[in-house]
J.: 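Below are the structure tokens for one structure; questions will follow.
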Amino acid sequence: MVDPKETINIENVVASTGIGQELDLQSVAMDLEGADYDPEQFPGLVYRTQEPKSAALIFRSGKIVCTGAKSTDDVHESLRIVFDKLRDLQIQVDEDPEIVVQNIVTSADLGRNLNLNAIAIGLGLENIEYEPEQFPGLVYRLDDPDVVALLFGSGKLVITGGKKPEDAEEAVDKIVSRLEELGLLD
Amino acid sequence: RLRKWQERIRTKDAGERNLQFALSEIDRMASALGVPRSVREVASVIYRRALDDDLIRGRSIEGVATAALYAACRKEGIPRSLEEISDVSRVERKEIGRTYRYISQELGLEMEPVDPKKYVPRFCSELQLSEEVQTKANEIIEETAEQGLLSGKSPTGYAAAAIYAASLLCNEKKTQREVADVAQVTEVTIRNRYQEQIEAMGIHG
DNA sequence: GCTTTAAAAAGTAAGCT
DNA sequence: AGCTTACTTTGTAAAGC
């Protein structure tokens, strides 16, 4: 039996940072190739990096949100590219802006099909949300780590809301042992 | 503090005044759906509880009333799909679903997933199918669900496929389109669920 | 509460050939 | 009958309405 922990894959990392300088997004939009800026629709300017692939939301305040990266290293690499692009436009950017990971989305595979109906009852209807008419996944909120898991009939799952990769590992471990003690993983 | 107290009284009074409207809306929708009086009463109780727990803030009265009715139908064992419910409500399906999940969580309704078999009598009756077909459809649902085929699937689509399969097996054939129309699902969904079900049942369609 | 961005899971749906 | 595209769910920051 493959340890479900070994199947964990980081699918998306969201992080925030700031250059410590206010920006004139109108002029940045003019000079930065590929920038999408529509202040009527959303106050942030969207800039996409190709390698690593990510999307940066740049705000007037100088704060930046980076999303879509596949690892925390990719987040740093993507933001390094964004910082350099801004410096190319003669914009002052702090030396090493603090980058804070806000959310990590992970997928994993328990390796066997799940009876979501039985799991809903077993985990307790008050602890889960399972409405297959609206969404095929069962929503399970954990307290520690503070993450949300989406369990599917195929045995695959998604863990989101974590701030570090270990959160997903702990979550998978707890979910596996909980399902095992309920006799729902056989 | 006095201001907050006054505000609470004001919103409570407003809620009580709107209660009349909410209850009449529940009555109107329940009539349109043709559900028994017991369901309207359960829906009214759920709405009142939502009002008492201040769950209506930031939501429309009609949305909470509709969600309460949806929950009541399920609690009473005669579920209506969100599609059917939205047909008699002015609130869109997505909002009804969201509001239902919210009040269900907050009020601790502990709603069990809908059993597809609950749709069989009504859908079969609308299709003028015999008791034999209903029994067969229930068998298909029961057996395939036990094999784990139900996880993540919509109850209406699941029931529709079993009814379609049963109508074929009992020589009372209904087309996928006919079944799809009463269940408000697509023929594609019936086809997909049907294939899985007959394979699990060991039937060669 | 909404707006925007990203990604996964799996089911459902709609449009086109 | 496929194939493609797109929407449902979860979490998260940002600024502004």
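Bear in mind the structure is a predicted one, so any value in this text is a computation, not a measurement. Below, chain A is the first sequence line, B the second, and so on; all start at residue 1.
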J.: Looking only at side chains, do T144(B) and Y158(B) share a donor and an acceptor under 3.5 Å apart?
T.: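 Looking only at side-chain atoms, Y158(B) and T144(B) do form a donor-acceptor pair, the distance falling under 3.5 Å.
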
J.: Checking side-chain polar atoms at under 3.5 Å, does Q134(A) have a donor or acceptor matched by the opposite partner on Y100(B)?
T.: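 Their side chains do not contain a donor-acceptor pair, so the 3.5 Å distance test is not met.
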
J.: How long is the line joining CG of L57(A) and C1' of dT3(C), in whole Å?
T.: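 It is 12 Å, rounded to the nearest whole Å.
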
J.: OP1 or OP2 of dA6(C) less than 4.0 angstrom from a side-chain nitrogen or oxygen of R48(A), does that happen here?
T.: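 Checking R48(A) against dA6(C): at least one side-chain N or O falls below 4.0 Å of OP1 or OP2.
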
J.: Over how many whole Å does the gap from D36(A) atom CG to dT3(C) atom P extend?
T.: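 Taking CG of D36(A) and P of dT3(C), I get 18 Å after rounding.
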
J.: Assign S154(A) to base, sugar-phosphate, or nothing according to its heavy-atom contacts below 4.0 angstrom with the strands shown.
T.: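 Sugar-phosphate: the residue S154(A), judged by heavy atoms under 4.0 Å, touches backbone atoms but no base.
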
J.: Ignoring backbone atoms, establish whether T186(B) has a side-chain N or O less than 4.0 Å from OP1 or OP2 of dT12(C).
T.: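 Answer no for this pair, as no side-chain N or O of T186(B) is under 4.0 Å from OP1 or OP2.
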
J.: Considering every strand and a 4.0 Å limit on heavy-atom distances, what is the contact class for G58(B): base, sugar-phosphate, or nothing?
T.: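 Nothing, no nucleic acid heavy atom in range.
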
J.: Hey, is R74(B) close enough to E112(B) for a salt bridge, meaning N to O under 4.0 Å?
T.: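 Judged by the 4.0 Å cut-off on N to carboxylate O distance, R74(B) and E112(B) do not form a salt bridge.
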
J.: Please report, rounded to the nearest Å, how far the P atom of dG11(C) is from the CD atom of E187(B).
T.: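 From E187(B) CD to dG11(C) P: 20 Å.
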
J.: Please check: side-chain N/O of T7(A) versus main-chain N/O of D109(A), any donor-acceptor pairing under 3.5 Å?
T.: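 Yes.
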
J.: May I have the distance from F42(A) (atom CZ) to dT3(C) (atom P), rounded to whole angstrom?
T.: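 Distance, rounded to whole Å: 11 Å.
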
J.: By nearest atom, which of the nucleotides dA6(C), dA9(C), dA14(C) is closest to the F152(A) side chain?
T.: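 For F152(A), the side-chain atoms sit closest to dA9(C).
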
J.: So does K63(A) pair up with E22(A), basic N to acidic O under 4.0 Å?
T.: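 A salt bridge is absent here (no side-chain N lies under 4.0 Å from a carboxylate O).
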
J.: What is the distance, rounded to the nearest whole Å, between atom CG of D109(A) and atom P of dA8(C)?
T.: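 That distance rounds to 15 Å.
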
J.: Between dT9(D) and dA13(C), how many Å separate the two P atoms, rounded to a whole number?
T.: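 Comparing P positions in dT9(D) and dA13(C) gives a spacing of 15 Å.
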
J.: Using a 4.0 Å heavy-atom cut-off, does V185(B) contact any base of the nucleic acid, only the sugar-phosphate backbone, or nothing at all?
T.: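 V185(B): backbone/sugar contact only, no base atoms under 4.0 Å.
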
J.: If you measure from the P atom in dA1(D) to the same atom in dA9(C), how many Å do you get, rounded?
T.: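 Straight-line distance between the two P atoms is 26 Å.
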
J.: Is any NZ, NE, NH1 or NH2 atom of the basic residue among E84(B) and R122(B) found under 4.0 Å from an Asp or Glu carboxylate oxygen of the other?
T.: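 Yes, charged N to carboxylate O under 4.0 Å.
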
J.: Does either side chain, that of S107(A) or that of E11(A), offer a donor lying less than 3.5 Å from an acceptor on the other one?
T.: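 Yes, E11(A) and S107(A) have a side-chain donor paired with an acceptor closer than 3.5 Å.
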
J.: Rounded to whole angstrom, note down the P distance from dC3(D) over to dA7(C).
T.: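 Result for the P pair: 24 Å, nearest Å.
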
J.: Assign R93(B) to base, sugar-phosphate, or nothing according to its heavy-atom contacts below 4.0 angstrom with the strands shown.
T.: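 If one applies the 4.0 Å heavy-atom cut-off, R93(B) turns out to touch nothing in the nucleic acid.
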
J.: Could you tell me if R80(B) sits above the aromatic ring of Y70(B), with its cationic atom closer than 6.0 Å to the ring centre and no more than 45 degrees from the axis?
T.: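 Here R80(B) fails the 6.0 Å and 45° test against Y70(B).
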
J.: Which part of the nucleic acid does V14(A) contact within heavy-atom distance under 4.0 Å: base, sugar-phosphate only, or nothing?
T.: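 V14(A): base contact, heavy atoms under 4.0 Å.
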
J.: For V46(A) and R98(B), take the nucleotide of DNA chain C holding the closest heavy atom to each; which residue's nucleotide lies nearer the 5' end?
T.: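 Result: R98(B).
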
J.: Give the first and the last nucleotide of DNA chain D, reading 5' to 3', that has any atom under 4.0 Å from a heavy atom of chain A.
T.: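 Reading along DNA chain D, I get dT8(D) to dG16(D).
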
J.: How would you label the contact of R57(B) with the nucleic acid (heavy atoms, under 4.0 Å): base, sugar-phosphate, or nothing?
T.: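 If one applies the 4.0 Å heavy-atom cut-off, R57(B) turns out to touch nothing in the nucleic acid.
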
J.: For the pair made of CD in E11(A) and P in dA8(C), what is the distance, rounded to whole Å?
T.: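 Rounded to the whole Å, the gap is 6 Å.
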
J.: How far, in whole Å, is dC7(D) from dT3(C) if one measures between their P atoms?
T.: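 Straight-line distance between the two P atoms is 12 Å.
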
J.: Any strand is fair game: report the nucleotide pairing with dG11(D) by Watson-Crick or G-U wobble, both distances under 3.5 Å, or none.
T.: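 Paired with no nucleotide.
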
J.: Taking OP1 and OP2 of dT12(C), is either one under 4.0 Å from a side-chain nitrogen or oxygen of K153(B)?
T.: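 Checking K153(B) against dT12(C): no side-chain N or O falls below 4.0 Å of OP1 or OP2.
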
J.: Please state how far atom NZ in K94(B) lies from atom P in dT12(C), giving the value in whole angstrom units.
T.: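 Distance, rounded to whole Å: 18 Å.
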
J.: Within the structure shown, what part of the strands sits under 4.0 Å from T106(A) by heavy-atom distance: base, sugar-phosphate, or nothing?
T.: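 No contact at all - T106(A) keeps every heavy atom at 4.0 Å or more from the nucleic acid.
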
J.: Are side-chain heavy atoms of F83(A) and D94(A) found at a separation under 4.5 Å?
T.: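 Side-chain contact under 4.5 Å: no.
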
J.: Can you check the Q184(B) CD to dA14(C) P distance for me, whole Å?
T.: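 Going from CD in Q184(B) over to P in dA14(C) covers 11 Å.
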
J.: Are OP1 or OP2 of dA9(C) and a side-chain N or O of S107(A) less than 4.0 angstrom apart?
T.: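 Answer is no, no contact under 4.0 Å.
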
J.: Find which nucleotide of DNA chain D each of Q195(B) and V105(A) is nearest to by heavy atoms, and output the residue with the more 5' nucleotide.
T.: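 Looking at the nearest nucleotide for each, Q195(B) comes out on the 5' side.
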
